[in-house]
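Read through the structure below, which is laid out as structure tokens, and then see the notes.
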Amino acid sequence: QVQLVESGGGLVQAGGSLRLSCAASGRTINLYAMGWFRQAPGKERTFVAAISWSGGVTYYADSLKGRFTISRDNAKNTASLRMDSLKPEDTAVYYCAARRNPVATMIPHDYDFWGQGTQVTVSS
């Protein structure tokens, strides 16, 4: 089992930046793909970004390319999401997820472990 804990969320003004972190425990995630998803109030959970086990392959939601950057540090058993030029529409709960497979995907169903989420609120 893998436990994931997100941190770094909060309230930020439009145009600002935040860095979300995901700390994994229970076992190493070196061979796991990692993903970030988000869920706005009243909406479905949607894909944000994903990264392969080595960090060599990354995927982003089309609307977020250029503003969000996913990374990982296998030595520290962590993953991160850097969010720049934030907009009010980025307001959501952000979830970290781990997949028991080295290949990253954009599909929530493919991920086996989930964190509790961290709230990001962007004010206009």
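Remember, predicted model here, so these are calculated numbers, not experimental data.
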How would you list, by chain and number, every residue that makes a salt bridge (charged side-chain N to carboxylate O under 4.0 Å, His left out) with Arg27, sequence neighbours excluded?
-> none

Establish whether Tyr94 and Tyr59 are linked, either directly or via other cluster members, by ILVMFWY side-chain heavy-atom contacts under 4.5 Å.
-> no

Between Met34 and Cys22, is a side chain to side chain contact (heavy atoms under 4.5 Å, CB included) present by the stated rule, with each step listed?
-> CA-CA 10 Å; Met34 300 296 293; Cys22 174; 4.1 Å; yes

Tell me, do Ile70 and Arg72 make a side-chain contact under 4.5 Å, heavy atoms counted?
-> no

Judged by atom type as modelled, is there a donor-acceptor pair below 3.5 Å linking the side chain of Asn74 to the main-chain atoms of Ser54?
-> no

Going hydrophobic residue to hydrophobic residue with side-chain gaps under 4.5 angstrom, can you get from Phe68 over to Trp36?
-> yes

Between Ser52 and Val57, is there a donor-acceptor pair closer than 3.5 Å when you use the side chain of the first and the backbone of the second?
-> yes

Nearest 0.5 Å please: distance from the OH atom of Tyr60 over to the CZ atom of Arg67.
-> 12.5 Å

Do the side chains of Val93 and Val120 join up, straight or via other hydrophobic residues, at under 4.5 Å, putting them in one cluster?
-> no

What donor-acceptor contacts under 3.5 angstrom involve side-chain atoms of residues 13-21, with partners at least two apart or in another chain?
unit_1, atom_1, unit_2, atom_2, d
Ser17, OG, Asp84, OD1, 2.7

Would a distance-only check, ignoring hydrogens and angles, find a side-chain to backbone donor-acceptor pair under 3.5 Å from Glu6 to Tyr95?
-> no

Could you check Val48 against Leu64 for side chain to side chain contact (heavy atoms under 4.5 Å, CB included), going step by step and ending with a plain yes or no?
-> CA-CA 7 Å; Val48 173; Leu64 303 178; 3.6 Å; yes

Please check if the side chain of Asn77 supplies one atom and the backbone of Ile29 the other of a donor-acceptor pair under 3.5 Å.
-> yes

Go through the structure and list residues passing ring pair (Phe, Tyr, Trp, His ring centres under 6.0 Å) with Phe37, not counting sequence neighbours.
-> Phe47, Tyr111, Trp114

Output yes when a side-chain donor or acceptor of Arg99 lies under 3.5 Å from a complementary backbone atom of Phe113, and no otherwise.
-> no

Separation of Met83 CE from Arg38 CZ (nearest 0.5 Å) = 8.5 Å

Ile51 and Val2: same hydrophobic cluster, using ILVMFWY side-chain contacts below 4.5 Å?
-> yes

When rounded to the nearest 0.5 angstrom, what is the spacing between CG in Leu81 and SG in Cys96?
-> 9.5 Å

Over all heavy atoms of both residues, which pair between Ala92 and Ala40 is shortest? Give the atoms and the distance, please.
-> CB-N, 3.8 Å

Interatomic distance, Ser123 atom OG to Leu11 atom CG [nearest 0.5 angstrom] = 5.0 Å

Determine, step by step, whether Trp53 and Asn30 satisfy the side chain to side chain contact (heavy atoms under 4.5 Å, CB included) criterion, reporting the C-alpha distance in whole Å, the side-chain angles of both residues, the deciding distance to 0.1 Å, and the verdict.
-> CA-CA 6 Å; Trp53 71 279; Asn30 286 8; 5.7 Å; no

Donor-acceptor pair, side chain of Asp73 and main chain of Thr78, under 3.5 angstrom | no

Side chain to side chain contact (heavy atoms under 4.5 Å, CB included) between Leu4 and Gln116: does it pass, once the steps are laid out?
-> CA-CA 8 Å; Leu4 302 172; Gln116 293 299 306; over 6 Å; no

